[in-house]
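Given the structure is predicted, the values throughout are model-derived calculations rather than measurements. Within every chain, numbering begins at 1; the chains are lettered A, B, ... in the order of the sequence lines, protein sequences first and strands thereafter. As a basis for the values below, the full set of heavy atoms in this structure was taken, side chains included, without hydrogen atoms, waters or symmetry mates.
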Protein chains: 2
Amino acid sequence: MAERGRPREFALDEALDRAIEVFWRQGYEGTTLDDITAAMKISRPSLYAAFGNKEETFKRAVGRYAVVDMAYIDDAIAEPTARLVAEHYLRSNVRAITEPGKPAGCLSIQGGLSGSPEHHRVVSFLNESRRGGEARFAARFQRAIDDGDLSASENAAELAKYLATVTAGLAVQASGGASRADLESVAHRALLGFPAP
Amino acid sequence: MAERGRPREFALDEALDRAIEVFWRQGYEGTTLDDITAAMKISRPSLYAAFGNKEETFKRAVGRYAVVDMAYIDDAIAEPTARLVAEHYLRSNVRAITEPGKPAGCLSIQGGLSGSPEHHRVVSFLNESRRGGEARFAARFQRAIDDGDLSASENAAELAKYLATVTAGLAVQASGGASRADLESVAHRALLGFPAP
DNA sequence: TCTTTTATGTACCAATCGGAACAGAAATAG
DNA sequence: CTATTTCTGTTCCGATTGGTACATAAAAGA
């Protein structure tokens, strides 16, 4: 791969990490291009050359967030039983949304639950992003049912939606200042609604 | 009360109802003054004369929303037992956030979970508004403990936070398009985590 | 070295933002 | 009637928004 032209003076991933932080704290609509470029420490044309525009920058940031900051979902799904999947998911979710040094809550929630009609695509993007995560758990629980790990009387999609609802609520609480200890007890209680072995 | 000067040509509460709708759909930052005045069908100076500014209009709208659209909280708290309080709360919450003809979800969530630093007060306002609701349930459950309705081993604040977390999650799901039936089953499952008689 | 290609910084653009000035209109008080 | 008070619509304001032109700088290829 012969590189042509002047090389980029910043690392894409590092820049995206800065974007993640500011979008996480302020949401899509609450974040200006000046906020982004200041956080990235690059100029405006550099951002446009690298990412296209504000919306694409946001989507790239959310994509990286899903890979980096929500990697625990992979680990949770890899657990051997549905019950362990749920426990792992809620436990690590509470940790992630109350991580010191990071904004409280979850980018895919704080990024924008609502918005002006012209930003409708951003809201939908986050929405489908969340649905994608929920679908992964639904597939995992369906496998558990097929394997006999979960009772056939259970509904995989319903269980996935239940967990997604709880984690969404936890994120809202975290963004509002709830402590890790508080949310751990909430998560523990929520697990009472999940089928036990 | 002698009325002096030219009388207002619109009804405050009707105007606020329109504001509720648009803030609910688009959030605080996603709603412009033109959106508000268009929805209210009044001119900009009329809005400023009646409500002060955009932020105060929003707070007034949220206040009315809490009284009108969340009246079911009063009914829930009036139930004779903690268990019935929880059941009533979740059941009517699901109905409220999936009410046909109204925006899906909850104004106190969609209004703004995050925002630019200069709108920080709005985010905090919603936050404390939600905490206020949670505190009402905490007080109700403490009374249930004191009365012996709930086991003394339970923690009233934790139970209230649990329900608040679930309803926040339900609102996120509703805003994302989840159906009433889906959320009813989620709410039913969440009740498994609430002490039964 | 000279051309080509891409990244960078400054400076700028039209559009929109929340808010206010102002004059006129509609009511009551006297 | 006149004076006073308050609401209304039009118009405008400076500031900020997302996005771009343009000249320049830094690399590779010939």
Side-chain angles (χ1 to χ4, degrees), chain A residues 1-16 18-19 22-23 25-61 111-112 114-123 125, chain B residues 1-16 18-19 22-23 25-61 111-112 114-123 125:
Chain A
M1 298 295 178
E3 313 241 346
R4 318 202 350 159
R6 179 174 176 175
R8 187 177 287 117
E9 294 185 359
F10 63 95
L12 286 180
D13 282 348
E14 280 184 27
L16 282 177
R18 315 281 185 141
V22 63
F23 280 128
R25 284 216 165 77
Q26 308 186 6
Y28 180 79
E29 284 182 329
T31 304
T32 69
L33 280 177
D34 281 341
D35 291 333
I36 305 172
T37 55
M40 287 182 167
K41 293 175 190 164
I42 66 176
S43 71
R44 207 175 272 230
S46 294
L47 182 141
Y48 274 78
F51 303 110
N53 58 17
K54 182 187 175 184
E55 181 175 336
E56 289 303 317
T57 305
F58 180 74
K59 290 180 178 176
R60 290 280 295 273
S114 60
S116 71
E118 66 230 64
H119 296 143
H120 147 265
R121 287 202 313 282
V122 169
V123 176
F125 174 80
Chain B
M1 294 296 178
E3 313 241 343
R4 316 200 357 154
R6 179 174 175 175
R8 187 178 287 118
E9 293 184 359
F10 61 97
L12 285 180
D13 283 347
E14 280 184 26
L16 282 177
R18 316 279 187 142
V22 63
F23 280 129
R25 283 215 167 77
Q26 308 186 4
Y28 180 79
E29 285 182 329
T31 304
T32 69
L33 280 178
D34 282 341
D35 291 333
I36 305 171
T37 55
M40 287 182 169
K41 294 174 189 165
I42 65 175
S43 71
R44 207 175 273 234
S46 294
L47 181 140
Y48 273 78
F51 303 110
N53 59 14
K54 183 186 175 186
E55 181 175 336
E56 290 303 318
T57 305
F58 179 74
K59 291 181 177 176
R60 289 281 295 272
S114 60
S116 71
E118 68 229 61
H119 296 142
H120 148 264
R121 287 202 312 280
V122 169
V123 176
F125 175 80

### Query
When the distance from CE of B:Met40 to C1' of D:dC7 is rounded to whole Å, what number comes out?
15 Å
### Message
If I take atom CZ in residue B:Arg4 and atom C1' in nucleotide D:dA3, what distance separates them, rounded to the nearest angstrom?
### Response
10 Å
### Query
Going by heavy atoms closer than 4.0 Å, what residues in residues 5-12 of chain B are next to DNA chain C?
B:Gly5, B:Arg6, B:Pro7
### Message
Output the rounded distance in Å from CD (A:Glu29) to C1' (C:dC17).
### Response
13 Å
### Task
To the nearest Å, give me how far apart CZ (A:Arg44) and P (C:dA7) are.
19 Å
Acceptor/donor pairs from residues 37-44 of chain B side chains to any protein atom, 3.5 angstrom cut, sequence neighbours excluded:
| from | atom 1 | to | atom 2 | distance (Å) |
| --- | --- | --- | --- | --- |
| B:Thr37 | OG1 | B:Leu33 | O | 3.0 |
| B:Thr37 | OG1 | B:Asp34 | O | 3.3 |
| B:Ser43 | OG | B:Ser46 | OG | 3.1 |
| B:Arg44 | NH2 | B:Asp34 | OD1 | 2.6 |

#### Entry: Presence of B:Ser46 side-chain N/O under 4.0 Å of D:dT8 phosphate oxygens OP1/OP2
yes
### Under-4.0 Å side-chain N/O to phosphate OP1/OP2 contact, B:Ser43 with D:dT8
no
### Message
For a quick check of understanding: with a heavy-atom distance under 4.0 Å over all strands, which category does B:Thr31 fall into, base, sugar-phosphate or nothing?
### Response
sugar-phosphate
### Task
Quickly work out the A:Gln26 CD to D:dG18 P distance and round it to whole Å.
11 Å
#### Entry: Result of checking A:Ile36, A:Val122, A:Thr31, A:Asn53 against A:Phe58 for side chain to side chain contact (heavy atoms under 4.5 Å, CB included)
A:Val122
#### Entry: Distance in angstrom units between A:Asp34 CG and D:dG19 P, rounded
12 Å
### Query
Does B:Tyr28 have B:Lys59 sitting over its ring (NZ/CZ under 6.0 Å from centre, angle to axis within 45°)?
no
### Message
Would B:Arg25 pass as a cation-pi partner of B:Phe23, given that its NZ or CZ must be under 6.0 Å from the six-membered ring centre and within 45 degrees of the axis?
### Response
no
### Message
Below 4.0 angstrom, which residues in residues 47-55 of chain A have at least one non-hydrogen atom near DNA chain D?
### Response
A:Tyr48, A:Asn53, A:Lys54
### Message
What contact category does B:Thr57 fall into here, base, sugar-phosphate, or nothing, at under 4.0 angstrom with non-hydrogen atoms?
### Response
nothing
